[in-house]
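Since the structure comes first, as structure tokens, the remarks are kept for the end.
We name chains A, B, ... by the order of the sequence lines, and we start the count at 1 in each one. Everything numeric here is computed off the predicted structure, so don't read it as measured data.
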Amino acid sequence: MAKRARMYWLMKSEPDEYSIDDLQRDTDECCPRGRCSWDGVRNYQARNFMREMAVGDLVLFYHSSTKPPGVAGVAEVCRAAYPDHTQFDPKSKYYDPKSKEAEPRWSMVDLQYVEHLAFISLATLKDTPALAEMKVVQKGSRLSVQPVRKAEFKAVVKLGKGKTRVR
DNA sequence: GCCAACGTTGGC
DNA sequence: GCCAACGTTGGC
């Protein structure tokens, strides 16, 4: 596998379902390298972006469907895409009867906690000229996994006074 | 392959 | 809770 430059992403989660605090707890509890599996993505565009992720990529953890919505912290990809097991589980709300084990339709990645940021609301993101092209600030943007430019990632971390190092 | 109907997301 | 925007489904 050819090495490629680190990439940056934004992933949305409803904090009632899974928040940055949950990720921190899951990462801490399974020392030294706890993780959470990002299951349940059932959108092809989002899936395809997850399949592009590599270990070491950094992720803006976005809280959606809450008031206010916004970026709550940073996570790191610690396992590249592999089949999402919930698609084969009839009891799961993510069950997909059309997906076959031999040819899984849906993927997930594993993340680990990096840090909290001072919460950056969507309104603040929209008010920041350097972030005007981010997908998340576009009207009607529903994509739950999206790529972020390095400069945008840096600017958001700075807004949140984060310590995440971006090389 | 078109497109209307339907379901979901997610800000407000 | 509303509803606009978007994605998916399925009849034709």
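Residue A/Asp16 contributes atom CG, which lies 14 Å from atom P of B/dG10 at whole-angstrom precision. Taking atom OH on A/Tyr44 and atom P on B/dT9, their separation rounds to 15 Å, with Å as the unit. In this structure, A/Leu125 places its CG atom 11 Å from P of B/dG11, rounding to the nearest Å. Atoms CG (A/Asp96) and P (C/dT8) sit 12 Å apart, rounded to a whole Å. Distance A/Leu122 CG to B/dT9 C1': 14 Å, rounded to the nearest Å. To the nearest angstrom, P of B/dG10 lies 18 Å from NZ of A/Lys67. Counting to the nearest Å, the P atom of C/dG7 and the CH2 atom of A/Trp106 are 13 Å from each other. A/Gln45 has its CD atom 18 Å from the P atom of C/dA5, to the nearest Å.
Using a 4.0 Å cutoff on non-hydrogen atoms, the parts of residues 134-147 of chain A near DNA chain C are A/Lys139, A/Gly140, A/Arg142, ordered by number.
The side chain of A/Tyr62 contributes no N or O atom lying less than 4.0 Å from OP1 or OP2 of B/dT9. Between A/Lys12 and B/dG10 there is a side-chain polar atom (N or O) within less than 4.0 angstrom of OP1 or OP2.
Remark: side-chain polar atoms of A/Gln87 are not paired, donor with acceptor, to backbone N or O of A/Gly40 under 3.5 angstrom.
Proximity of the aromatic rings of A/His116 and A/Tyr113 is defined here by a centroid distance below 6.0 angstrom, and this criterion is met. Taking the six-membered ring wherever Trp is involved, the centroid distance between the rings of A/Trp38 and A/Phe49 does not fall below 6.0 Å. Aromatic pair A/Tyr44/A/Trp106: ring centres closer than 6.0 Å.
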Problem set entry | Candidate pair A/Asp96 and A/Arg42, rule salt bridge (charged side-chain N to carboxylate O under 4.0 Å, His left out), full reasoning | CA-CA 9 Å; A/Asp96 183 351; A/Arg42 296 292 180 269; 5.4 Å; no
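When side chains are defined from C-beta on, A/Ser64 counts as touching A/Glu14, because their heavy atoms get closer than 4.5 Å.
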